[in-house]
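Treat the numbers as computed from the prediction; the structure is a model and nothing was measured. In each ligand, atom 1 is the first atom listed, and ligand 1 is the first ligand listed.
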Amino acid sequence: MKRPLKIVVAVVGILLLLALAFVAYIQFSSFPTYENKAPVLNVTSDSIKLAEGEKIVKTLCSSCHMSEDGKLGGRHMVDASAFGEVHATNITRHSEHGALSKYSDGELAYLIRTGIKRDGSYAPPWMVKLPHLSDYDMEAIISYLRSDAPELSPSNRPNQPTDYSFLAKMLVKTGAFKPMTYPSQPISGPDASDRPAYGKYLMLHKYDCFACHSKSFASCDFEMPENSKGFLGGGNPIPDTEGKIILSSNLTMDKETGLGNWTRAQFIQAVKTGARPNGIGARYPMMPFVHLSDDEVSAMWDYLQTVPVIQNSEDFSAP
Ligand code: HEC
Ligand code: HEC
């Protein structure tokens, strides 16, 4: 072999070995664990808090955790198949299979804010994270999860461990998917009479509209949502239940490609029922937010008036 060729063969060989080592590392190394610094919390309950908690859980948790029997006994998440065989956990009051019975209030708040489970492992992105939720709303969630509501009555559906795909393993083990920071200060919710601030809280920190509605999940800044690429300008390619890509809509006030020509009433109707002025129902993964009040969605509309306008090359929601 000529000398330059030998060098090429050697370099290619080394690169191949490195690639193999990387694949082996991703496949076989153990998952990272994180220190569990759960706070001590003793959540008290009252009827108003409980009703708020019910609304939040039905809006944010049930879609993944509800089984066919209507209890929060968990399910196989076929829509997350790119990440492997993903199973949402049984979170009912079942003493053996229900995850909640093992969690203290503080550990639950820590999991929901950061994604770190009580054993220190990390619940990847398919499990919701709410780092900026107000302390009151967090207590509302926990008080509802501890209640005797029918969906939480013991389900004996056993849990199946999630079998991660190579992609999911790579994203977790290289740190692309990583826990959120637990807040260092108490979080007092916004004043509901400051309409834009209240709407902003609902869209960015409580109901998580911004991630689907910005440019892509990969360029979302979950700690500082407004720094996300194409913030609320839509275009995020999200698969529907059949794997067909749906682009999220532009929620900024651009007249051609956003909501600039919509009325407040049209917005409230679209968010709560999915019915749009163009006559085409909003498709999955946009799920109607049936539990939200007109007042809450109206505040979101006030907030959207303050968001920098983005003009896209086309209207992604056009028929
Ligand atoms: C997009 C789907 C999704 C949503 C929304 C979701 N979860 Fe989960 N959740 C999961 C999956 C999947 C797991 C299993 C985690 C894993 O694979 O490690 C899980 C795990 C859990 C666990 C068990 C953790 C453990 O130690 O095993 C609890 C408790 C939980 N979720 C509570 C909630 C609550 C409360 C909400 C609403 C605020 C919520 N989840 C919203 C998908 C979801
Ligand atoms: C899971 C991702 C996801 C979440 C969460 C989400 N949306 Fe959507 N939304 C979409 C997608 C995708 C579309 C486009 C549907 C279509 O074109 O059929 C859409 C469409 C819409 C539309 C219709 C706009 C138009 O121009 O037709 C409105 C309004 C809307 N979303 C508001 C919201 C609000 C407000 C929230 C939070 C309370 C929210 N969405 C949460 C994915 C999401």
Side-chain angles (χ1 to χ4, degrees), residues 31 53 56-66 72 74-77 79-80 83-91 98-103 107-109 111-113 115-130 133 137-138 141-142 144-145 159-164 168 172 199 202-204 206-213 217 232 234-240 245-251 257-262 266-272 274-278 280-289 292 296-297 300-301 303-304 315-319:
F31 281 97
I56 305 174
V57 169
K58 286 189 166 157
T59 306
L60 283 183
C61 320
S62 302
S63 58
C64 293
H65 284 279
M66 189 167 282
L72 298 180
R75 71 170 173 97
H76 177 201
M77 292 182 52
D79 32 348
F83 296 125
E85 281 265 322
V86 177
H87 296 274
T89 315
N90 180 341
I91 58 170
L100 290 181
S101 55
K102 299 171 193 84
Y103 270 77
E107 286 169 339
L108 255 180
L111 166 74
I112 297 168
R113 288 201 187 285
I116 299 173
K117 299 189 212 170
R118 68 188 280 281
D119 64 4
S121 64
Y122 166 63
W126 44 79
M127 170 50 204
V128 113
K129 319 230 167 26
L130 303 165
L133 191 74
D137 285 340
M138 181 58 76
I141 294 181
I142 296 171
Y144 180 71
L145 292 176
N159 284 311
Q160 272 171 277
T162 288
D163 185 12
Y164 291 78
V172 175
L202 295 171
M203 289 194 74
L204 309 193
K206 187 165 175 177
Y207 291 118
D208 200 7
C209 315
F210 86 92
C212 284
H213 280 280
F217 290 122
L232 289 174
N236 191 351
I238 313 176
D240 68 8
I245 295 297
I246 307 286
L247 297 179
S248 67
S249 321
N250 181 355
L251 300 186
T257 67
L259 305 185
N261 290 322
W262 285 36
Q266 285 171 332
F267 179 73
I268 295 176
Q269 187 181 30
V271 175
K272 290 184 61 177
R276 297 188 280 191
N278 68 7
I280 302 168
R283 292 160 292 180
Y284 183 94
M286 176 65 194
M287 305 284 268
F289 285 79
L292 299 190
E296 286 172 303
V297 186
M300 294 178 180
W301 181 250
Y303 167 59
L304 288 174
D315 176 0
F316 301 131
S317 329

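- In this structure, atom 2 (C) of ligand 1 lies nearest to the protein heavy atom Cys64 SG, 1.9 Å.
- Remark: side-chain polar atoms of Lys129 are paired, donor with acceptor, to backbone N or O of Pro124 under 3.5 angstrom.
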Item to complete: Kindly determine whether Asn250 and Leu259 satisfy side chain to side chain contact (heavy atoms under 4.5 Å, CB included), including the steps that lead there.
Response: CA-CA 7 Å; Asn250 181 355; Leu259 305 185; over 6 Å; no

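- Given atom 36 (C) of ligand 1, the protein heavy atom at minimum distance is Cys61 SG, 2.7 Å.
- By the criterion of a heavy-atom distance under 4.0 Å, the side chain of Leu259, and not its backbone, is placed next to ligand 2.
- Under 4.0 Å from ligand 2, the heavy atoms of Met300 that appear belong solely to its side chain.
- Under the 30°/60° scheme for interplanar angles, the aromatic rings of Phe289 and Tyr207 are found to stand perpendicular.
- For ligand 2, the polar-atom distance check finds no N/O of Asp315 at less than 3.5 Å from any of the ligand's N/O atoms.
- Formation of a donor-acceptor pair under 3.5 Å by the Arg118 side chain with backbone atoms of Leu111 is not found in this model.
- For the pair His213 and ligand 2, the shortest N or O to N or O distance falls below 3.5 Å.
- The proximity of Arg276 to ligand 2, defined as any non-hydrogen pair under 4.0 Å, is limited to the side chain.
- When all heavy atoms of Lys58 and Tyr144 are compared, the pair lying nearest together is CE-OH, 4.3 Å.
- In this structure a side-chain-to-backbone donor-acceptor pair under 3.5 Å is present from Ser248 to Cys212.
- Residue Ser63 has no nitrogen or oxygen atom sitting less than 3.5 Å from a nitrogen or oxygen atom of ligand 1, judged on distance alone.
- Of the listed residues (Gln160, His87, Lys117, Met127), the one carrying the non-hydrogen atom nearest atom 16 (C) of ligand 1 is Lys117.
- At least one N, O or S atom of His65 sits under 2.8 Å from atom 8 (Fe) of ligand 1.
- Across the listed options Gly274, Cys212, Pro237, Cys212 owns the non-hydrogen atom lying nearest to atom 4 (C) of ligand 2.
- Nearest to atom 26 (O) of ligand 1 by heavy-atom distance, out of Tyr144, Tyr103, Phe83, is Tyr103.
- Within the 4.0 Å heavy-atom criterion, the part of Asp208 lying near ligand 2 is the backbone and not the side chain.
- Closest to atom 24 (C) of ligand 2 by heavy atom, among Ala211, Gly199, Ser249, is Ser249.
- Within the structure, ligand 2 lacks Ile280 among the residues with a heavy atom less than 4.0 angstrom away.
- At a threshold of 2.8 Å, atom 8 (Fe) of ligand 2 has a backbone or side-chain N, O or S atom of Met286 nearer than that distance.
- Side-chain contact between Leu292 and Leu202 is absent, with no heavy-atom pair separated by less than 4.5 Å.
- Counting heavy atoms from C-beta outward, Phe217 and Ile238 have side chains that approach closer than 4.5 Å.
- Of the protein's heavy atoms, Leu111 CD2, 3.5 Å lies nearest to atom 29 (C) of ligand 1.
- By the 4.0 Å heavy-atom criterion, Tyr284 is excluded from the residues contacting ligand 2.
- Note: no N/O pair closer than 3.5 Å links Arg118 and ligand 1 by distance alone.
- Scanning the protein heavy atoms around atom 42 (C) of ligand 1, the nearest turns out to be Trp126 O, 3.2 Å.
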Discussion item. Could you go through Lys206 and Leu130, starting from their C-alpha distance and side-chain angles, then the distance that decides it, and tell me whether this counts as side chain to side chain contact (heavy atoms under 4.5 Å, CB included)?
Written reply: CA-CA 7 Å; Lys206 187 165 175 177; Leu130 303 165; over 6 Å; no

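- Annotation: atom 13 (C) of ligand 1 to nearest protein heavy atom, Thr89 OG1, 3.7 Å.
- In this structure, Asn159 does not count as a contact residue of ligand 1, since none of its heavy atoms falls inside 4.0 Å of the ligand.
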